[in-house]
Amino acid sequence: MSVAIDEREAWPRDEFEARLRALGARYHIHHPYHRMMHEGRCTPAQIRGWVLNRYYYQVCIPIKDANVLANCPDPAARQLWVQRLIDHDGAPGETGGIEAWLMLAEATGLDRDRVANLTDLLPGVRFAVDAYVNFARRATWQEAACSSLTELFAPEIHQQRLTGWPDHYPWIDDAGLSYFRKRLSEARRDVEHGLTVTLDYFTTRAEQEHALNILQFKLDVLWSMLDAMWMAYVEERPPYHSCPEPSR
């Protein structure tokens, strides 16, 4: 039985990078929910709904990164990647991203314990984030690194919040925005490493197309999270809204 051989030429490195960056057209910054937030049209309940659900993504990011480390045999790569866990979990005497997100939750008027306990987490958000963590667990570490490249587009979204939220949502304490300030520099640093890994590892045309599919999967995760929030907080159709309450 003959095996088909892909004889297409690989894209040059700069074209491959350009194709990765072009997927920013599908980044969740373009989702109607994010557009509402950016334009100051979200209600306090819609802001709080986004914050409490996004928290689950925040706490799962270091778990995803721990899976990358577990699958990576290269000490030099692990030395670079481990900083991501520290950024989110924090180091002794330092506030990490997870704690900074809880500060944001409190600044929006949410109950810290309810957010931390995932009391009001939407199932659609849980499924999307879990899919991302499970992908990183089963993938090669280079594939998981590629999935992190939505960070290519993240600095713009953080800057939008820092610039627009104080005017649009003055009821949110400015101290709660510290997470976005930290991520401006962290995201730029992280993406340099993730992009280098991707460009170095995916070198054939088939591998490069695989990388694009991986990045599209991550974009799907982020978009699906907002779809679930849109249904719950904009359409006001939360899960099981049309079902009778089960008898207990």
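Note that the coordinates shown come from a computational prediction; the quantities given were computed from them, not determined experimentally. Just so you know, residue 1 is the first one in the sequence shown, and it goes up from there.
Atom CZ of R26 sits about 8.0 Å away from atom CG of L219, to the nearest 0.5 Å. To the nearest 0.5 Å, the span separating CG on L122 from CE on M231 amounts to 10.5 Å. A distance of 12.0 Å separates SG of C42 from CZ of R48, quoted to the nearest 0.5 Å. To the nearest 0.5 Å, atoms CZ (R21) and CG (L23) are separated by 12.0 Å. Atom OH of Y233 is separated from atom CE of M36 by 13.0 Å, given to the nearest 0.5 angstrom.
With D174 contributing its side chain and P166 its backbone, the two residues share no donor-acceptor pair below 3.5 Å. Within the 3.5 Å criterion, the main-chain N or O of Q46 finds a donor-acceptor partner in the side chain of Y33. Between the side chain of H168 and the backbone N or O of H38, at least one donor-acceptor pair lies under 3.5 Å.
Heavy-atom minimum distance, W223 versus P32: CZ2-CD, 4.3 Å. Contact detail for G194 and L149: the closest heavy-atom pair is C-CD2, 3.6 Å. Shortest non-hydrogen contact noted between L195 and L20 is CD1-CD1, 4.1 Å. Between V68 and W141, the shortest heavy-atom contact is O-CB, 3.6 Å. Here the closest heavy-atom approach between residue Y132 and residue K218 is recorded as OH-NZ, 3.4 Å.
Annotation: ring-ring contact (aromatic ring centres under 6.0 Å, His included) contacts of W11 (sequence neighbours excluded): none. With sequence neighbours excluded, no residue forms a side chain to side chain donor-acceptor pair (under 3.5 Å) with D74. Contacts of F135 classified as ring-ring contact (aromatic ring centres under 6.0 Å, His included), with partners at least two apart in sequence or in another chain: F217. In this structure L80 satisfies the side chain to side chain contact (heavy atoms under 4.5 Å, CB included) test together with H193, sequence neighbours excluded. When the side chain to side chain contact (heavy atoms under 4.5 Å, CB included) test is applied to D220, the partners found at least two apart in sequence or on another chain are Q216. Partners of T196 by side chain to side chain donor-acceptor pair (under 3.5 Å), not counting sequence neighbours: none found. Residues forming a side chain to side chain donor-acceptor pair (under 3.5 Å) with H34 (at least two apart in sequence, or on another chain): R161. Residues satisfying the side chain to side chain donor-acceptor pair (under 3.5 Å) criterion with Y27, sequence neighbours excluded, are absent altogether. The side chain to side chain contact (heavy atoms under 4.5 Å, CB included) check on A128 picks up V221, S224, M225, with sequence neighbours excluded. Every residue two or more places apart in sequence or in another chain that forms a side chain to side chain contact (heavy atoms under 4.5 Å, CB included) with T119 is listed here: R114, N117.
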- Task: Step by step, work out the side chain to side chain contact (heavy atoms under 4.5 Å, CB included) result for W171 and I47.
- Result: CA-CA 11 Å; W171 50 273; I47 293 290; 4.0 Å; yes
- Item | Verdict with supporting geometry, Y56 and D130, side chain to side chain contact (heavy atoms under 4.5 Å, CB included) | CA-CA 9 Å; Y56 186 58; D130 287 353; 2.5 Å; yes
- Message: Before you tell me yes or no, could you show the steps for V133 and R137 under side chain to side chain contact (heavy atoms under 4.5 Å, CB included), namely the whole-Å CA-CA distance, both residues' side-chain angles and the distance that decides it to 0.1 Å?
- Response: CA-CA 6 Å; V133 174; R137 181 176 295 122; 3.7 Å; yes
- Assess whether side chain to side chain contact (heavy atoms under 4.5 Å, CB included) is satisfied between T150 and L215, documenting all intermediate values. CA-CA 7 Å; T150 48; L215 183 51; 3.9 Å; yes
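For the pair C146/H210, no side-chain contact is recorded, criterion being any heavy-atom separation below 4.5 Å from C-beta on. For the pair E207 and T198, the minimum side-chain heavy-atom distance is 4.5 Å or more.
Between W165 and Y169, the ring planes lie perpendicular to each other; the angle is over 60°, past the 30° to 60° tilted range.
The residue from I98, V125, L121 that alone fulfils the side-chain contact (heavy atoms from CB on, under 4.5 Å) condition with Y55 is I98.
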Validation: residues 82-92 side-chain donor-acceptor distances under 3.5 Å, sequence neighbours left out:
| from | atom 1 | to | atom 2 | distance (Å) |
| --- | --- | --- | --- | --- |
| Q83 | NE2 | D87 | OD1 | 2.9 |
| R84 | NH1 | E151 | OE1 | 3.3 |
| R84 | NH1 | E151 | OE2 | 3.1 |
| R84 | NH2 | D190 | O | 2.8 |
| D87 | OD2 | R189 | NH2 | 2.3 |
| H88 | ND1 | R84 | O | 3.2 |

Show me the donor-acceptor pairs, under 3.5 Å and distance only, between side chains in residues 100-109 and residues at least two apart or in other chains.
| from | atom 1 | to | atom 2 | distance (Å) |
| --- | --- | --- | --- | --- |
| W101 | NE1 | V51 | O | 2.9 |
| T108 | OG1 | A105 | O | 2.8 |

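R78 CZ: more than 12 foreign heavy atoms inside a 6.0 Å radius. Other residues, nucleotides and ligands contribute at most 12 non-hydrogen atoms within 6.0 Å of the CD atom of E236.
At a threshold of 4.5 Å between side-chain heavy atoms, the hydrophobic network of Ile, Leu, Val, Met, Phe, Trp and Tyr places Y57 and F153 in one connected group.
In summary, R19 and E15 engage in a salt bridge, as defined by a charged side-chain N under 4.0 Å from a carboxylate O. Salt bridge absent: E143 and R138 never bring a charged side-chain N and a carboxylate O closer than 4.0 Å. A salt bridge is defined here as a Lys NZ or Arg NE, NH1 or NH2 lying under 4.0 Å from an Asp or Glu carboxylate O, and E39 with R35 fails to meet this definition.
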